[in-house]
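Naming convention: chains lettered A, B, ... in sequence-line order (proteins, then strands); numbering from 1 in each chain.
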Amino acid sequence: MTIKPTFLAATIALSAGLCTPALADTVLRIGMQQEPTVLDPTADATASIDGMLAHNVYESLTTVDESGAVLPNLATDWTISEDGLTYTFTLVEGASYHDGTAFDAEDVKFTFDRAMGADSTNPSKGIFEPIDSVEVVDPQTVKITLNRKDAFLLFNLAQGDASIIASESVEANKTTPVGTGPFRFADWTRGDRLVLEKFAEYRDAADVAVDRVEFRFVSDPAAASAALMAGELDAFPGFPAPEMMDQFEADPRFNVVVGSTMGEVILAMNNSKPPFDTLAVRQAVSHAIDRQEIIDGAMYGRAEPIGSFYPPHGPAYVDLIDTYPHDSEKAAALFQEAGVNEEIIIRVPPFPYATRTGEIVQAQLAEAGVKAKVENVEWGFWLDEVYKKKNYHMTVIAHTSPNDLSNFARGADYFYGYQSDEFDTLWNDIKTEADPEARIALEQQAQRFLTENAIHGFLFQLPKLGVYTTNVDGFWANSPVLFAPLAGVTIQ
Amino acid sequence: MQIFLLRRTFGFLATLLAVSLIVFLTMNVLPGDPALTILGLDATEDARAALRAELGLDAPLWQRYVEWILGALRGDFGESYSFGVPVSGLIAERLPLTLSLAAGGMLVTLSLALVLGVAAAANHGRGGDWAVMVLSQLGIAIPAFWLSILLVMLFAVNLRWLPPGGFPGWEEPVLALRSLILPVTALALVQSAVLARVTRSSALEVLRLDFVRTARATGLGRRRILWRHVLPNALVPIVTIVGMQFASVVTGTIVIENVFYLPGLGRLIFQAIANRDLFTVQALVVMFAAVVVTANFLVDIAYVLIDPRLRARLA
């Protein structure tokens with residue numbers, strides 16, 4: 001028995017010696033919970049594709065900063081016509097794709113025509129819907145003509161779904177992505193890791209500090225924690241378990257950063273069916289829920305409450321949390337008055353925030369005299385039964401897209417089952433209002449409208465829980481969009 | 001014997017066909033639209049329709065099944081909906097890891113369980129026997145994933161001897177082997193607990209038989225008696241359990257690969273089910289089923305080889 005430990009130690013010493021990398025490359029190892037299925041953000045909605053590749057491997061005409069403000073990217077400059085219907089973009093010079101082909105106006109036209117086409121499977125096809133035509137003026141200039149004004153066009157063009165791709169490489173992008181960004185695709189071992197390398201010919205290559213990025217896929221929270229603790233990872237920007245944050249905060253090797261995302265977590269109610277087609281019942285639900293208790297129980301206190309459908313860090317945010325203060329007795333009275341006596345089914349998708357919230361809501365409804373049952377369903381079932389067929393009373397879901405007040409203008413077919421001419425008009429005004437000040441005022445009006453009509457229970461904003469070793473710097477604390485640029489990240 | 005083999009082969013193929021049909025129907029009856037899963041909440045209906053057409057999902061059910069079977073017979077398992085590459089490629093990429101894991105798990109299970117089981121039987125009623133019984137009871141009670149977490153906490157996080165998970169690929173054999181130590185241990189400990197118990201009781205029964213007393217009387221060594229006479233005669237119940245265990249080791253890789261984030265088939269099947277990736281799920285389930293059926297088949301063959309009485313009956 002005495003042989004064993006020595007043998008083990010020798011094996012470890014040997015293997016450690018064999019595996020020291022010969023090159024002094026700066027390698028950044030990032031933990032990710034969700035693995036992409038394909039590597040083309042214009043073909044699949046999986047958030048991790050944008051998270052890893054948009055504005056790292058691919059680029060778009062515009063980009064946004066951490067506050068969500070639009071900045072130039074492949075387009076260095078643009079002019080908008082008087083009527084707001086024609087956008088003329090000047091493109092950056094000297095940009096090239098990772099396969100060596102040059103970037104020019106033809107690529108922009110190819111990209112948009114493909115996304116707008118009849119057989120397009122772009123998951124955000126809707127953002128191209130206001131575009132009428134795309135015209136190549138010269139290799140450095142593109143003119144986009146709209147069929148109606150769109151205040152969010154420049155913001156939407158920054159997203160991964162609007163990544164500018166090349167006709168030469170489009171077919172292979174699902175497995176070997178080619179873009180114009182600061183990092184080029186190097187290797188992908190499905191189920192394990194995806195590796196990017198710094199693109200030496202990138203036009204701002206001097207500003208990119210990291211030579212190599214390794215995304216490691218660790219879906220289980222306990223395994224994610226172990227990987228960080230064992231020094232296998234430098235960063236976990238979207239850590240999956242809020243209950244483990246205290247442990248990292250107490251550890252001097254790590255920095256914990258709790259930021260915000262665009263994800264509003266709502267207790268969605270099916271507005272098209274009884275009992276939630278009645279305003280008084282929805283108001284009763286709003287009184288019945290206790291946000292702080294939900295946040296403490298489901299998120300271990302790590303989330304901001306919301307009173308309407310808008311992120312607290314956004315420019316148009318209005319604090320409407322106290323519109324329906326938590327009051328079980330009042331809720332009970334309202335429920336009774338409306339004659340709610342059936343059992344409410346809360347169908348929750350398999351995300352920890354949702355399953356935990358569902359159980360707490362169940363208890364809070366019980367306090368207000370309403371019996372509820374939580375049904376944990378898997379994601380495919382949720383998409384089919386809840387989202388597509390509207391076969392539900394209540395559910396808990398986070399909406400992670402930016403500017404998604406538009407959800408309430410999607411008509412009665414959308415799974416909210418909600419339709420209001422008043423809100424449709426309001427949203428139409430918002431999306432065509434070019435003046436930022438005026439748009440903000442309209443967005444605030446929309447938030448008040450949604451809260452007054454108590455369309456859903458508005459619960460909390462999904463936090464971005466980041467765990468970083470103390471030697472990395474430059475990650476975004478917040479996620480105003482799905483992508484997360486790595487060009488500015490440094491590691492010591 | 002030939003009729004026996006023929007019958008078994010036919011049963012084997014029929015089972016696989018039935019499994020594939022059941023999986024196909026289940027995946028189609030269960031709610032969940034691949035196009036919806038891939039394109040997400042914001043996609044327009046015509047984008048989803050375009051994707052469904054691209055994936056061939058608008059053809060009738062029977063036609064899709066028949067096409068799949070005909071393809072599978074030629075070794076073409078179709079293209080994965082979500083990964084957009086041939087399913088056979090996905091499987092080939094990940095099979096070696098899962099096989100190594102299962103083979104390693106089986107090897108450790110067998111060596112640990114046979115030694116401990118026989119040793120316990122030989123020391124019946126004494127301290128060693130008692131220790132094996134307590135340990136195996138513990139092993140049976142502990143779920144594999146929990147044991148995995150404990151092993152990771154001790155050997156990866158605290159002692160830093162072994163990696164907490166991940167797999168560097170076989171190009172770096174030393175690193176690859178190191179990263180398999182904990183998963184294989186986690187897989188094997190629980191299984192060997194079960195097997196050690198069976199080995200012990202089976203060996204105990206043989207130890208009571210007359211020929212053992214005779215062997216002792218002729219002055220054969222203790223070790224020789226145990227390994228040459230007791231163990232071979234105790235094998236029939238052991239082989240039955242081993243066959244069943246092989247199946248649970250293979251399916252156990254699903255849990256282990258998720259805890260240790262290893263890129264094997266277990267993780268693939270997890271992802272494929274969540275993504276409604278029909279062809280991938282189908283190929284994998286049929287494969288796992290084939291493993292289980294084959295294991296049972298091999299157990300039957302093993303009986304014949306071990307037990308001459310059975311051979312006589314089949315002849």
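For A/Ala43, the part lying under 4.5 angstrom from a heavy atom of chain B is the backbone only. In this structure, the portion of A/Thr175 lying under 4.5 Å from any heavy atom of chain B is its side chain and not its backbone. At a 4.5 Å heavy-atom cutoff, the contact between A/Ala222 and chain B is made by side-chain atoms alone. For chain B, the nearby part of A/Tyr387 is the side chain; its heavy atoms alone come within less than 4.5 Å. Of the atoms belonging to B/Leu268, not a single heavy atom falls under 4.5 Å from chain A. Interface remark: B/Leu177 contributes no atoms to any contact with chain A (heavy atom separation under 4.5 Å). At a 4.5 Å heavy-atom cutoff, A/Glu129 makes no contact with chain B through either its backbone or its side chain.
Counting heavy-atom pairs under 4.5 Å between each of A/Asp192, A/Asp220, A/Ile127 and chain B puts A/Asp192 at the top. Interface check for chain A: of the options B/Leu51, B/Leu36, B/Asn258, B/Thr44, the most heavy-atom pairs under 4.5 Å are formed by B/Leu36. Among the candidates B/Ala53, B/Pro164, B/Ala156, the residue making the largest number of heavy-atom pairs closer than 4.5 Å to chain A is B/Pro164. Contact tally against chain B (heavy-atom pairs below 4.5 Å) for A/Glu385, A/Lys125, A/Arg216: the top residue is A/Lys125.
Within residues 271-282 of chain B, the residues having any heavy atom less than 4.5 Å from a heavy atom of chain A are, in residue-number order, B/Gln271, B/Asn275, B/Arg276.
Ring geometry, A/Phe236 versus A/Phe239: the interplanar angle exceeds 60°, so the pair is classed perpendicular (tilted spans 30 to 60°).
For the pair A/Asp50 (side chain) and A/Phe483 (backbone), a donor-acceptor distance under 3.5 Å is absent.
Listed by chain and number, the residues in a ring-ring contact (aromatic ring centres under 6.0 Å, His included) with A/Phe152 are A/Trp427 (sequence neighbours excluded).
Contact of the A/Phe254 side chain with the A/Met229 side chain is registered, since non-hydrogen atoms from C-beta on lie closer than 4.5 Å.
Of all non-hydrogen atoms in B/Ala47 and B/Leu39, the two that sit nearest each other are O-CD1, 3.6 Å. The two residues A/Gly191 and B/Pro263 make their nearest non-hydrogen contact at C-CB, 3.6 Å.
The pair A/Glu214-A/Arg29 does not meet the salt-bridge criterion, since no charged nitrogen lies less than 4.0 angstrom from a carboxylate oxygen. Using a 4.0 Å cut-off between charged side-chain N and carboxylate O, B/Glu45 and A/Lys388 make no salt bridge.
Applying the salt bridge (Lys or Arg N to Asp or Glu O under 4.0 Å) test to residues at least two apart or on different chains, the pairs with a partner in residues 90-103 of chain B are A/Arg190-B/Glu93. The stretch residues 249-275 of chain B participates, sequence neighbours left out, in no salt bridge (Lys or Arg N to Asp or Glu O under 4.0 Å) pair at all.
Counting only N and O atoms by type, the side chains of A/Asn122 and A/Ser124 include no donor and acceptor under 3.5 Å apart.
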